[in-house]
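Shown next, in structure tokens, is the structure this report addresses.
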Amino acid sequence: MTRGVPRRVAQTAVVAGASMAGLCAARVLSDRFDEVVVIDRDTLPDEVRWRAQVPQGSQPHLLLYAGAQLLEDWFPGITEELYESGAVEFDVCRDFYWHQGGGVLTSPPSALRGPMMSRPLLEATVRRRLARIPCVTLRDRTAVEGLVPDGTGTRIAGVRLAGQPPVRCDLIVDATGRQARSLGWLKELGYGPPPLSVVTVDTHYASRLHRRVETTARDWKAAAVIGRPDTRRLAMALPLEHGRWIILLVGVNGEVPPTDDEGRLAFARSLESPVIADLMATSEPLADPVAHRFPSNQRRHLDRMRRFPLGWVMLGDAVASCNPVYGQGMTSAAQQAAALGECLDHTRALDLAFARRYFGAAARTVAAPWSIAAGGDFVYAGTTGPKPAGTDLLNRYMQRVILAAQHDDAVGIRFAEVAGLVRRPEWLLAPPFLLRVLRAAR
Ligand SMILES: Cc1cc2nc3c(=O)[nH]c(=O)nc-3n(C[C@H](O)[C@H](O)[C@H](O)COP(=O)(O)OP(=O)(O)OC[C@H]3O[C@@H](n4cnc5c(N)ncnc54)[C@H](O)[C@@H]3O)c2cc1C
């Protein structure tokens, strides 16, 4: 986290990509560079709207507690600003009706409170706050096309832009998303890509906006019904600003949620709890359903790269892009940005030691979301890829955690803390907790 006044590290940083990862990176760099230039090929709208280059923006985006905390730390008052724009204040334990493992998790009040809103509202608010920082420049409708090496060929000295003069920089952060555009740019300079892990989990989303009417008949603000793993189905309803629900159906490894009214309702009715189907049946749809396919978890191992140019790093989905049903991407990006800031605070120069330090920190940061998503996805038949030893045992244990969380508030809160990336997954294996889970699950 940014505390105190960090030291200036170098003159100019360029961030390629002004989506959530790029915005978080730029905020962290703004404390440590004289100038930060954020470049995106898309149009960055003044108003709150979906962006063509971030197609997933029309799907539900849960901001986990850890991510919300980092944003508040970097942009004081942003949570309040989001509430003023209509975001729904939300306690992830008390306000979530969470049906999984044949029952409903307990819903004690917790400290895990934060805003729930659409992805465009969150991104537009963060972007507006970032744009107010004097040393930050946002350049949209500008594609980064390549890297400019220095005279020695071992360091990046700038970026090439499509149809515009190059920009000089001391550090380039690739935040261009899952495709990690800089890998093509590195290839032009003779550098290979980092090793890649892929866990295939064919995930299909179909979400639809509905009108949300406040009522005292519900004691929850959001709902999730996670079908048994053999059904490969789940559904969620999340409240958004301007009195809307976003109701999401998800199918995994061969299950594809329908987009017609009858089919959607039948899909939701097939789940063990009727709450989402009932909500769908009784709330007016406001738009057509929007489908999105997510093919695989993927993780780039920067820490295992042998050769790379100095002055180049990557961050966000470019490093790890995990199954979105766990809602981790933006929070993981924020945590990687925080790690980048800490590494810069421990460096005198943008040298090999800095690069190795950050690559290691990024690997440790994404290890938690990766183990939750890529490990957890092996409960579904048909998931393929490198399965770490012990995954099946861990997944069986997680089913016990879910059962215990149906009766034991402390287990429910700990589970939410780990799922919210507040605590690392190892916390679920601490001996006193493990005993509590096994007792409660019985
Ligand atoms: C269906 C779905 C649902 C999701 N739900 C959640 C959720 O609930 N919670 C959550 O935290 N995360 C969720 N995510 C993940 C989340 O969307 C990402 O983790 C988040 O957007 C951060 O990604 P990013 O900034 O690294 O990349 P992206 O969001 O993909 O952005 C990449 C940016 O780079 C720009 N760009 C690309 N190439 C260039 C170039 N050559 N030059 C300049 N700019 C370029 C693009 O225009 C874009 O703005 C979901 C993802 C999907 C697919």
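Here the structure is a predicted model, which means the values were calculated and not measured. What's counted below: heavy atoms across the whole structure, side chains too, no hydrogens, waters or symmetry copies. All ligand and atom numbering here is 1-based and tracks the order in the structure.
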Inset, instruction - Please could you name the atoms of ligand 1 that Leu62 approaches to less than 4.0 Å, counting only its heavy atoms? - result: 7 (C), 8 (O), 9 (N), 10 (C), 11 (O)
From the options [options], select the one whose nearest heavy atom is closest to [atom].
atom                    : options                      : value
atom 11 (O) of ligand 1 : Met330, Gln59, Gln56         : Met330
atom 5 (N) of ligand 1  : Gly329, Pro60, Gly327        : Pro60
atom 35 (C) of ligand 1 : Thr176, Asp40, Val38         : Asp40
atom 41 (N) of ligand 1 : Val144, Leu64, Leu122        : Val144
atom 20 (C) of ligand 1 : Arg119, Arg141, Gln53, His61 : Arg119

Inset, instruction - For Arg178, check salt bridge (charged side-chain N to carboxylate O under 4.0 Å, His left out) against everything at least two apart and list the hits. - result: none
How far is [atom] from its nearest protein heavy atom, and which residue and atom name does that atom have?
atom                    : value
atom 24 (P) of ligand 1 : Ala21 CB, 3.7 Å
atom 43 (C) of ligand 1 : Arg41 N, 3.4 Å
atom 28 (P) of ligand 1 : Ser19 OG, 3.5 Å
atom 26 (O) of ligand 1 : Asp317 N, 2.9 Å

Legend entry - Spacing of OH belonging to Tyr380 relative to CG belonging to Asp202, to within rounding of 0.5 Å: 13.0 Å
Legend entry - side chain to side chain donor-acceptor pair (under 3.5 Å) between Thr231 and Arg228, worked out: CA-CA 6 Å; Thr231 68; Arg228 288 186 323 272; over 6 Å; no
Inset, instruction - Take the angle between the ring planes of Trp220 and Tyr97 and call it parallel below 30°, perpendicular above 60°, tilted in between. - result: tilted
Inset, instruction - Determine the interplanar angle of the Phe96 and Phe90 rings, folded into 0 to 90°, and report it as parallel if under 30°, tilted if 30 to 60°, perpendicular if over 60°. - result: perpendicular
